[in-house]
Structure formats: C-alpha cells, structure tokens
Peer 1: 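Structure incoming, see below.
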Amino acid sequence: MTAQKQARSNCEMRAQDRHIVIAIDGPAASGKSSVARELAGRLGFVYVNSGAMYRAVTWDILRRGIDPRDHARIDNYLKRARIVCDLQNNESRILINDIDPAEHLRDDNVNNSVSLVSSVLRLRQILVEKMRYYVRDYDLVMEGRDIGSVVFPDTPFKFYIDALPDVRLRRRAAEGQRDEIANRDHADSSRRASPLVIAKDAEVIDTSNLSIQGVVSKIAARLRKKGLRVAGPREARQPLL
Ligand code: DC
C-alpha cells in the first residue's frame with residue numbers, strides 16, 4: 001500500500017471510529033429501506049439510502065438521452081455533473097445540478113436501467129466517496145448492496161437482509177411498482193465492480209415472515225448486545241413528561 005493510500009485509509013478509519021455506521025445490505029425489495037429508516041429513527045442516527053444515489057444519477061442520464069450501457073459517455077457526463085449529497089430531515093438527499101429528482105427515483109425506466117448504470121466504475125468511486133463523507137459528521141444507518149463489504153468494511157455492525165423471491169415480488173407489486181427484481185438481483189450480484197455479496201461478518205436475517213418492526217427488533221437486540229442503546233418502537237414511544 002502506498003503512503004498516500006495508507007494515509008487515506010487511516011483517515012477513513014479515524015472517521016469511522018468517531019461515528020458509528022450500521023450497514024444494511026440486501027437484494028431488491030428485501031425490506032431494507034423501511035427497516036433502515038425505522039432503525040435510524042430509533043437510534044437517532046442519520047438514514048442514508050445509497051440506492052437512491054444510483055437511482056438519481058440513472059434518472060439524469062436517461063433524461064439526457066445517454067445510453068445506460070455506454071460507459072464512455074457516462075464517464076464523460078460524470079466529469080460535468082454536479083452531484084451533491086446532503087441531508088433533509090435527518091435523511092440523505094441527492095441533488096443533481098441543483099435538481100432534487102426524489103419523485104422520479106422509482107420510475108419504471110429508472111428501475112430498468114439502474115443496475116446497468118451502477119456498474120460504471122467511475123460512478124461507484126464518486127458515490128462511495130460521498131457516502132463516506134456522511135460519517136465524518138454523523139452516526140449512520142446506511143443501506144445498499146456493498147455497504148458492509150466495500151463502503152464501510154470495518155464497521156462491526158453489519159446486517160444482510162433477504163426474503164424469498166416471491167415475497168419480494170409481492171412487496172413490489174403491493175407498492176404498485178413494476179420492477180424486474182430478478183433481473184436486477186442477477187445484474188447486481190454478477191457485476192465486476194462491488195457486487196452484492198454477504199459480507200463475511202454480516203448477520204443474515206430472513207424477512208420473509210417478519211414485519212418491519214419484527215426485523216428492526218431483531219437488529220436492535222443484536223446492537224444492544226454489542227453495547228448500543230436503541231429505543232423501542234417509534235409509534236409506541238410516549239413523550240417524556
Ligand atoms: O436499493 P435500491 O433497490 O434502491 O438500489 C437500486 C440499484 O442501485 C440496485 O439495483 C443496485 C444499485 N446499488 C448499488 O449498486 N450499490 C448500492 N450500495 C446501492 C444500490
């Protein structure tokens with residue numbers, strides 16, 4: 001490792017020592033977002049949805065008529081695009097050239113192309129760097145595909161949540177979405193750059209027969225064992241008198 005790389009890696013480790021990261025990875029429609037958001041609320045941590053970052057860039061690429069398979073054009077686009085990741089109400093938000101594309105992130109064309117776009121190495125480098133910025137200032141619950149394996153490999157808090165394929169399909173359909181999750185899972189797991197994998201020290205949770213609160217309770221129990229303080233379910237919490 002070069003001195004420069006070592007210095008960078010120490011700096012990342014120091015940043016990670018100062019703030020806590022709970023990594024939640026898993027395939028499409030496994031329940032990651034709902035679980036991560038609820039858990040972040042209970043812990044009082046910031047919630048970061050890394051998939052939304054890849055979706056936002058995909059949306060912008062598509063609306064500019066760039067072919068999501070054309071890595072050279074995407075690299076070129078990335079040289080000019082102004083991608084800003086900040087916070088709104090304790091949750092990550094992404095602005096592209098000052099536009100917030102939040103309402104388009106689940107559009108059918110974004111669902112269909114996001115796996116292609118997220119396999120572009122330069123894009124992954126840019127977004128991973130932005131994800132790591134959050135930990136300089138905040139404790140985080142971050143969800144995605146490679147959070148425990150690549151973005152924050154040193155965090156001791158890693159979870160991989162999964163559900164049976166037909167359960168995941170039903171969840172997407174219930175949300176009124178058309179999302180070819182089997183295709184996305186295949187693309188996300190087989191790509192060369194940071195594929196979806198179960199980090200070796202991650203705890204795997206099957207959510208097929210669990211409610212969101214059920215999954216969060218399991219994770220909370222684990223975290224308490226590791227010394228973190230986690231509040232009870234948010235709806236049930238009474239204001240302090
Ligand atoms: O979590 P999601 O379904 O919104 O993610 C959308 C896509 O983004 C997913 O199919 C692959 C990509 N992604 C990724 O490559 N790495 C991440 N950490 C998060 C998402």
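All residue numbers refer to positions in the sequence shown, counting from 1. Order of listing sets the numbers, starting from 1, for every ligand and every atom in it.
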Peer 1: Determine whether the side chains of Asp107 and His104 contain a donor N or O and an acceptor N or O closer than 3.5 Å.
Peer 2: yes

Peer 1: Indicate yes or no: at least one non-hydrogen side-chain atom of Leu196 is less than 4.5 angstrom from one of Tyr160.
Peer 2: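 In short, these two side chains touch, coming nearer than 4.5 Å.
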
Peer 1: Output yes when Arg122 and Asp75 qualify as a salt bridge under the 4.0 Å nitrogen-oxygen rule, no when they do not.
Peer 2: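 So Arg122 does not pair with Asp75 through a salt bridge.
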
Peer 1: Report yes or no: does a heavy atom of Ser115 sit under 4.0 Å from some atom of ligand 1?
Peer 2: yes

Peer 1: I want to check something: taking the side chain as every heavy atom from C-beta on, are Asp162 and Pro27 in contact at a cut-off of under 4.5 Å?
Peer 2: yes

Peer 1: What protein heavy atom is closest to atom 1 (O) of ligand 1, reported as residue, atom name and distance in Å?
Peer 2: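 I find the closest protein heavy atom is Arg145 NH1, 2.9 Å.
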
Peer 1: Once you round to the nearest 0.5 Å, how far does SG of Cys85 lie from CE of Met53?
Peer 2: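 These two atoms lie 4.0 Å from each other.
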
Peer 1: Using a distance-only test with no angle check, is there a side-chain donor-acceptor pair under 3.5 angstrom linking Ser115 and Asp188?
Peer 2: yes

Peer 1: Under 4.0 Å from any heavy atom of Arg106, which atoms of ligand 1 are there?
Peer 2: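 Atoms satisfying the 4.0 Å criterion: 4 (O).
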
Peer 1: Please write down residue, atom name and distance for the protein heavy atom closest to atom 16 (N) of ligand 1.
Peer 2: Arg124 NH2, 3.0 Å

Peer 1: Can a non-hydrogen atom of Lys32 be found less than 4.0 Å from any atom of ligand 1?
Peer 2: yes

Peer 1: Nearest to atom 19 (C) of ligand 1, what protein heavy atom do you find, and at what distance?
Peer 2: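 Of every protein heavy atom, Ser50 OG, 3.3 Å lies nearest to atom 19 (C) of ligand 1.
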
Peer 1: Please determine whether a side-chain nitrogen of the Lys or Arg among Glu38 and Arg42 lies less than 4.0 Å from a carboxylate oxygen of the Asp or Glu.
Peer 2: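 Result for this pair is yes, salt bridge flagged.
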
Peer 1: Please write down residue, atom name and distance for the protein heavy atom closest to atom 12 (C) of ligand 1.
Peer 2: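 Here the nearest protein heavy atom works out to Ser118 OG, 3.5 Å.
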
Peer 1: Give a yes/no verdict on whether any heavy atom in Met142 is under 4.0 Å from an atom of ligand 1.
Peer 2: no

Peer 1: Looking at atom 18 (N) of ligand 1, what's its closest protein heavy atom, distance included?
Peer 2: Asp146 OD1, 2.8 Å

Peer 1: Just to confirm my output: which protein heavy-atom neighbour is closest to atom 13 (N) of ligand 1, and how far is it?
Peer 2: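 Sorting protein heavy atoms by distance from atom 13 (N) of ligand 1 puts Tyr54 CD1, 3.6 Å first.
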
Peer 1: For side chain to side chain contact (heavy atoms under 4.5 Å, CB included), just list the numbers for Ile61 and Ile74, CA-CA rounded to whole Å, side-chain angles, deciding distance to a tenth of an Å, and then say yes or no.
Peer 2: CA-CA 8 Å; Ile61 280 170; Ile74 295 176; 3.7 Å; yes

Peer 1: Identify, by atom number and element, the atoms of ligand 1 in contact range of Arg191, meaning under 4.0 Å from any of its heavy atoms.
Peer 2: 14 (C), 15 (O), 16 (N)

Peer 1: Can you tell me the protein heavy atom closest to atom 4 (O) of ligand 1 and the distance?
Peer 2: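 That would be Arg55 NE, 2.7 Å.
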
Peer 1: Using 4.0 Å as the upper bound for N to carboxylate O, is an ion pair formed by Arg64 and Asp60?
Peer 2: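 Here Asp60 pairs with Arg64 in a salt bridge, since their nearest N and O are under 4.0 Å apart.
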
Peer 1: Do me a favour and list the nearest non-hydrogen protein atom to atom 6 (C) of ligand 1 with residue, atom name and distance?
Peer 2: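 Nearest protein contact, heavy atoms only, for atom 6 (C) of ligand 1 is Arg184 NH1, 3.4 Å.
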
